Amino acid sequence: MPYNSRTTVRVFIVATIIIYIIMLFLNSDGRGIYISQIQKKMQKIKTNIEADQSKPESGNEPPTVGESGGTLEQRNPMASVGGSRGTLKRRLPTAIIIGVGKCGTSALIHMLSMHPQIVEAPGEVEYFSRKLTYFSYGLEWYRKRMPLSYEDQITIEKTPQYFKIPGASNRIFEYNATIHLILIVKDPVERLISRYAHDKNVKNGKIKPFEELVIDSNGAVNIQDHQVMLGIYWRYLKDYLEVFQRDQILVVDGKKLVQNPVPVIEKVEKFLKVNESITTSQFYFNETKGFWCSVTFGCMGANKGLKHEDVRPEVISILRKFYAPHNKEFYKLTGINFKWPEK
Ligand SMILES: Nc1ncnc2c1ncn2[C@@H]1O[C@H](COP(=O)(O)OS(=O)(=O)O)[C@@H](OP(=O)(O)O)[C@H]1O
């Protein structure tokens with residue numbers, strides 16, 4: 001190869017290498033890829049440190065919303081809109097799903113989080129139910145458990161324990177006397193069976209038979225069982241109605257949420273005074289699971305929709321008769337007749 005051609009080839013190779021190196025270090029906004037990755041990592045570490053500083057020394061901490069757990073856009077679909085929406089920051093909740101556990105609390109909050117004006121706190125925060133630990137850490141600890149949101153968004157959290165823990169209602173009232181509370185309920189017999197399936201799953205099947213737990217040696221309902229007693233909804237609701245106005249608590253039907261979620265969600269949207277934005281087109285029915293699932297977020301995890309025990313009809317009947325007068329009391333307090341079976 002003549003000298004000039006060789007030089008040209010060499011210059012071309014060197015130039016290509018230089019261009020390649022420059023491209024490797026620069027991205028479209030002119031910052032180095034590696035530098036921006038380091039910056040992102042630093043930001044993540046900073047957020048985690050910030051969250052860690054607010055953590056209790058020990059205990060079963062609820063998840064914190066850091067930079068992990070999906071992109072900001074996934075957690076908050078409006079995050080990239082920006083502009084006139086004010087600052088993106090962690091805000092205290094103005095709505096809480098207080099229970100009842102096993103009645104669809106998780107499905108409800110996930111469905112609500114599909115709304116552009118609603119952001120959900122991850123997991124169960126338990127701030128008002130743990131008086132001596134989380135609650136004693138104060139409001140800043142609570143705020144750090146909240147997701148990022150804009151001024152025009154509502155932050156919502158769900159903790160089913162709030163319904164049953166004595167004093168939680170008072171602590172919520174002291175925190176925010178105008179808060180919106182949502183209570184989702186199911187027939188207490190169905191709830192009890194659902195709860196049993198949950199416990200059996202958690203304990204890998206090592207649990208007493210259902211009948212042995214809920215029926216005592218005299219053949220009556222075992223009122224020593226905490227889960228049996230939780231089905232007496234009116235007793236727990238009474239605590240809330242001692243401090244809150246009835247219209248501050250929206251009571252929704254968990255069975256309807258399973259059958260046809262959108263009308264239930266519409267009620268919640270009205271109650272929270274947000275636009276009616278969630279539509280049937282955002283759901284599809286998953287035949288295998290037997291549930292409505294989100295087109296965007298998919299279905300609930302495998303721990304929802306567990307196989308329910310085949311309970312003898314006699315036992316069902318004993319339980320229904322036991323709950324019947326309590327259900328009537330609950331209908332009176334709520335002004336809603338759920339028509340749960342009485343025998
Ligand atoms: N769309 C959709 N997908 C999945 N599951 C749904 C849905 N809608 C309501 N449900 C019902 O939610 C029940 C679980 O209730 P919770 O989320 O309150 O349970 S928990 O207390 O948080 O463990 C769960 O009860 P089980 O069927 O016994 O698992 C479901 O019946």
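All of these numbers come straight from a predicted model, not from anything done at the bench. Read the numbers this way: they start at 1 and go in the same order the structure lists the ligands and their atoms.
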*Asks:* Between W340 (side chain only) and K186 (backbone N and O only), is there a donor and an acceptor less than 3.5 Å apart?
*Replies:* no

*Asks:* I need the nearest protein heavy-atom contact for atom 1 (N) of ligand 1: residue, atom name and distance, please.
*Replies:* W292 O, 2.9 Å

*Asks:* Among protein heavy atoms, which lies nearest atom 25 (O) of ligand 1, and at what distance?
*Replies:* S194 OG, 3.6 Å

*Asks:* Within the side chain of Q248, is there an N or O that forms a donor-acceptor pair under 3.5 Å with the backbone of A177?
*Replies:* yes

*Asks:* Which one holds for L306 and ligand 1: side chain close, backbone close, both close, or neither close, with close meaning a heavy atom under 4.0 Å?
*Replies:* backbone

*Asks:* Which protein non-hydrogen atom lies closest to atom 9 (C) of ligand 1, naming both residue and atom, and how far is it?
*Replies:* V258 CG2, 3.2 Å

*Asks:* So, regarding K158 and ligand 1 (criterion: nitrogen or oxygen to nitrogen or oxygen, under 3.5 Å), is there a contact or not?
*Replies:* yes

*Asks:* List ligand 1 atoms under 4.0 Å from M111, heavy atoms only on the residue side.
*Replies:* 1 (N)

*Asks:* Parallel, tilted or perpendicular, judged at 30° and 60°: which one describes the rings of F128 and Y162?
*Replies:* perpendicular

*Asks:* Could you go through the side chain to side chain contact (heavy atoms under 4.5 Å, CB included) check for R235 and E329 one step at a time?
*Replies:* CA-CA 9 Å; R235 285 195 180 165; E329 204 54 42; over 6 Å; no

*Asks:* Can you list, by chain and residue number, the hydrophobic cluster partners of L132 when the side-chain cut-off is 4.5 Å?
*Replies:* none

*Asks:* Ignoring hydrogens and angles, state whether a donor on the side chain of Y142 or E157 is under 3.5 Å from an acceptor on the partner side chain.
*Replies:* yes

*Asks:* Parallel, tilted or perpendicular: which one describes the rings of F163 and Y240, with boundaries at 30° and 60°?
*Replies:* parallel

*Asks:* What I want to know is whether G104 and ligand 1 share at least one N or O pair that is separated by under 3.5 angstrom.
*Replies:* yes

*Asks:* With a 4.0 Å heavy-atom cut-off (strictly under), which part of H308 contacts ligand 1: side chain, backbone, both or neither?
*Replies:* side chain

*Asks:* Provide, to 0.1 Å, the distance between atom 29 (O) of ligand 1 and the closest protein heavy atom, together with that atom's residue and name.
*Replies:* G305 N, 2.6 Å

*Asks:* Check each atom of ligand 1 against the heavy atoms of T105 and keep those under 4.0 Å away; list them by number with element.
*Replies:* 16 (P), 17 (O), 18 (O), 22 (O)

*Asks:* Looking only at protein heavy atoms, identify the closest one to atom 21 (O) of ligand 1 and say how far it is in Å.
*Replies:* K102 N, 2.9 Å

*Asks:* If you count the atoms of ligand 1 from 1 in the order shown, which ones are under 4.0 Å from a heavy atom of G101?
*Replies:* 18 (O), 21 (O)

*Asks:* If we ignore hydrogens and angles and just use 3.5 Å, is the side chain of T334 paired with the main-chain N or O of F330 as donor and acceptor?
*Replies:* yes

*Asks:* Please could you name the atoms of ligand 1 that E124 approaches to less than 4.0 Å, counting only its heavy atoms?
*Replies:* 22 (O)

*Asks:* Please list every donor-acceptor pair under 3.5 Å in which a side-chain atom of residues 206-213 meets a protein atom from a residue at least two apart or in another chain.
*Replies:*
unit_1, atom_1, unit_2, atom_2, d
E211, OE1, R312, NE, 3.1
E211, OE2, R312, NH2, 2.7

*Asks:* Between Q117 and N275, do the side chains contain a donor N or O and an acceptor N or O under 3.5 Å apart?
*Replies:* yes

*Asks:* Please work out whether any backbone atom (N, CA, C, O) or any side-chain heavy atom from C-beta onward of F291 is under 4.0 Å from ligand 1, and answer side chain, backbone, both or neither.
*Replies:* side chain

*Asks:* What do we get for C103 next to ligand 1 when only non-hydrogen atoms under 4.0 Å count, side chain, backbone, both or neither?
*Replies:* backbone

*Asks:* Answer side chain, backbone, both or neither: which part of K186 comes under 4.0 Å from ligand 1, heavy atoms only.
*Replies:* side chain

*Asks:* Any donor and acceptor pair, going by atom type alone, linking the side chain of D253 with main-chain N or O of K255 inside 3.5 Å?
*Replies:* yes

*Asks:* Under the 6.0 Å and 45° cation-pi test, does R145 pair with Y127?
*Replies:* no

*Asks:* Could you identify the single nearest non-hydrogen protein atom to atom 20 (S) of ligand 1 and state the distance to 0.1 Å?
*Replies:* K304 NZ, 3.4 Å

*Asks:* Considering non-hydrogen atoms of the protein only, which is the closest contact for atom 8 (N) of ligand 1, and what is the distance?
*Replies:* A107 CB, 3.4 Å

*Asks:* Heavy-atom contacts under 4.0 Å between M300 and ligand 1: side chain, backbone, both, or neither?
*Replies:* side chain

*Asks:* Give me the residue, atom name and distance of the protein heavy atom closest to atom 17 (O) of ligand 1.
*Replies:* S106 OG, 2.6 Å

